[in-house]
Peer 1: 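One structure coming up, written as structure tokens, with questions to follow.
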Amino acid sequence: MENKRINGNDLMALGYKENHAMGVALKINKKRLGFSRDEMLANFKNVLENPESYVADKIFRPLAEVLLNIDSMARETIALKESPVSYTVYGEAQIEEGAKKQMDIAMTLPITVAGALMPDAHQGYGLPIGGVLATQNAIIPYGVGVDIGCRMALSVFDLPASYLEANHDKLKEILMSNTRFGAGKGYLKQERMDHAVLDNPLFKTHALIRSLKDKAWTQLGSSGGGNHFVEFGIMEFTEKDESLGVERGRYLALLSHSGSRGLGATIADHYTKLAKAICRLPYQAQNLAYLDLHTEEGQEYWLAMNLAGDYASACHEVIHEKIKRGLGAGLLAKIENHHNFAWKEQFEGEEVIVHRKGATPAGKDTMGIIPGSMATPGFLVRGKGEELAINSASHGAGRLMSRTQAIKTLADSDLKQMLRDHGITLLGAGMDEAPMAYKDIHTVMAAQVDLVDVVATFSPKIVRMADDGSRED
DNA sequence: ATGTCC
């Protein structure tokens, strides 16, 4: 523990306040400077006490300048509303304080029209995960999220549930040979697939996106890491669904969760930095920097975001197509939805930009998928179009524990027992994705009965995820 | 989320 990274609490113990100076100090702390933890703490203490002696220092000058207020003229910031616009919170009892605090700040932005917090909400960068924000003609890159276009896709096959038991090993093999997981992972040149999304003109006209084309091609049809998965399971319709045309019954189904890989991550990073440079907000709101959609930068982000969304969709399409072919099955229904994205929508009679960062679109009769965890059910839902929720619902159960907390406190034997109890085969994944690290999906669903109706239930059976964080390669 | 550095 002696060498653990210096954090905000350490700085506060030295006398720093939670403001811009702390942000600058933490940024300096992130660089690898060759100082020990104690040396670094001593430096931070000295700069705070004698900033004037650091104005020419190579490393600590930015911090000294902020402490001396030298740049206060240059960084005049955009004024926030005096009090947050009110918003509806669903499942409030299960939502951590940090997520509500972040939402409160988002509700003071001058561009904010309305907001809502979904029952799986937890703290993120800028807008909380599970946050929905409607703005006037402006887009917040961190309101969309780092994994632009992250989405769910579901294929319900014309095969009975019994097919799964009878062909367990074959399904395992299909899953293993048609998916690719892990940070940075993709397909080799001779393996990679073609897709119309790669013909998007931005791959020629936009310098940054042009430089990412080869990586995007390589990673097309891959899943990445973290909470992403591809899984076989049983889809249960307790009654016939007229609009889908699916009869009552239990079917083999494929569910996938992933986003726009390196392409979207690089786009998000680029435009977040650009937004922060253009849109100067007070310290507590800096991660909510936005781009005006009437500016060139705003329009550029909009196009790049849509490309990342199309790319994420293409990745799922490739995965589902390959696996359907491997099965030799037909399709009864196919549903998909983004849950990290922004849309132009009508809200109370005006056009707004609706940011959903970890939230499922749930307009009237809109179909969506809300996954539970590797050992708990997910749900095919139909939106009710609740305006108070800005036509949205949760995007899952939501984390109960942070990844580090889960790895530290959960027992491998408990996970194994739980998987056995539910008859689940797990391929890959670390303890940070254990079901115990997530909120109870049934509690979360109960908190949003006004937002969605459940159409059918998905029970995971063979789950493929990235091997755990330690990375064995 | 991402090959976790600007």
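The structure displayed is predicted, hence computed values, not measured ones.
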Peer 1: Base, sugar-phosphate, or nothing for G226(A), non-hydrogen atoms under 4.0 angstrom?
Peer 2: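 Sugar-phosphate, backbone atoms only, no base.
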Peer 1: What is the distance, rounded to the nearest whole Å, between atom NE2 of H228(A) and atom P of dG3(B)?
Peer 2: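 H228(A) atom NE2 is separated from dG3(B) atom P by 12 Å.
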Peer 1: Report the distance from atom CG of D214(A) to atom P of dG3(B), rounded to the nearest whole Å.
Peer 2: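 About 14 Å, once rounded to whole Å.
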Peer 1: Closest nucleotide of DNA chain B for D269(A) versus for E433(A): which of these residues is on the 5' side?
Peer 2: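 So the residue in question is E433(A).
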Peer 1: To the nearest angstrom, how far is D467(A) atom CG from dG3(B) atom C1'?
Peer 2: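 One finds 16 Å between C1' of dG3(B) and CG of D467(A), rounded.
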Peer 1: Whole Å only: how far is the NE2 atom of H270(A) from the C1' atom of dC6(B)?
Peer 2: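 One finds 15 Å between C1' of dC6(B) and NE2 of H270(A), rounded.
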Peer 1: Sequence neighbours left out, what pairs pass side-chain hydrogen bond (donor to acceptor under 3.5 Å, both in side chains) with at least one residue falling in residues 188-203 of chain A?
Peer 2: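 For residues 188-203 of chain A, and leaving out neighbouring residues, the side-chain hydrogen bond (donor to acceptor under 3.5 Å, both in side chains) pairs sorted by first residue read R180(A)-E191(A), R192(A)-D214(A), R192(A)-T218(A), H195(A)-E317(A).
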Peer 1: Taking only Lys NZ, Arg NE, NH1 and NH2, and the carboxylate oxygens of Asp or Glu, determine whether D104(A) and K100(A) approach each other closer than 4.0 Å.
Peer 2: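 Result for this pair is no, no salt bridge flagged.
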Peer 1: If we count only N and O atoms by modelled type, under 3.5 Å, do the side chains of Q219(A) and Y311(A) hold a donor and an acceptor together?
Peer 2: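 Distance-only check fails for Q219(A) and Y311(A).
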Peer 1: Applying a 4.0 Å non-hydrogen cut-off, can you work out what G225(A) is touching in the nucleic acid: base, sugar-phosphate, or nothing?
Peer 2: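 Sugar-phosphate only.
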Peer 1: Whole angstroms only, please: what is the CZ-P distance between F181(A) and dT2(B)?
Peer 2: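 Those two atoms, CZ and P, are 10 Å apart.
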Peer 1: With no hydrogens and no angle check, is any side-chain donor or acceptor of K357(A) less than 3.5 Å from a backbone partner on Y142(A)?
Peer 2: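 Yes: the side chain of K357(A) pairs with the backbone of Y142(A).
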Peer 1: Heavy atoms only, 4.0 Å cut-off, all strands: where does K357(A) land among base, sugar-phosphate and nothing?
Peer 2: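 No contact.
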Peer 1: When the distance from CG of D432(A) to P of dT2(B) is rounded to whole Å, what number comes out?
Peer 2: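 Taking CG of D432(A) and P of dT2(B), I get 13 Å after rounding.
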Peer 1: For a quick test of reading the model: is some side-chain N or O of K185(A) closer than 4.0 Å to OP1 or OP2 of dT2(B)?
Peer 2: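 So the side-chain polar atoms of K185(A) never come under 4.0 Å of the phosphate oxygens OP1 or OP2 of dT2(B).
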Peer 1: What pairs of residues pass the salt bridge (Lys or Arg N to Asp or Glu O under 4.0 Å) test when at least one of them lies in residues 389-401 of chain A, not counting sequence neighbours?
Peer 2: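 Sorted result for residues 389-401 of chain A: R399(A)-E433(A).
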Peer 1: Look at the side chain of K30(A) and decide which nucleotide, out of dT2(B), dG3(B), dC5(B), has an atom nearest to it.
Peer 2: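 Minimum distance to the K30(A) side chain belongs to dC5(B).
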Peer 1: Can you tell me the distance, in whole Å, between the NZ atom of K27(A) and the C1' atom of dC5(B)?
Peer 2: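 Those two atoms, NZ and C1', are 12 Å apart.
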Peer 1: With a cut-off of less than 4.0 Å, is there a side-chain N or O of K215(A) near OP1 or OP2 of dG3(B)?
Peer 2: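 Indeed, a polar side-chain atom of K215(A) lies that close.
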Peer 1: dT2(B) C1' sits how many Å from L208(A) CG, rounded?
Peer 2: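 After rounding, the reported distance stands at 14 Å.
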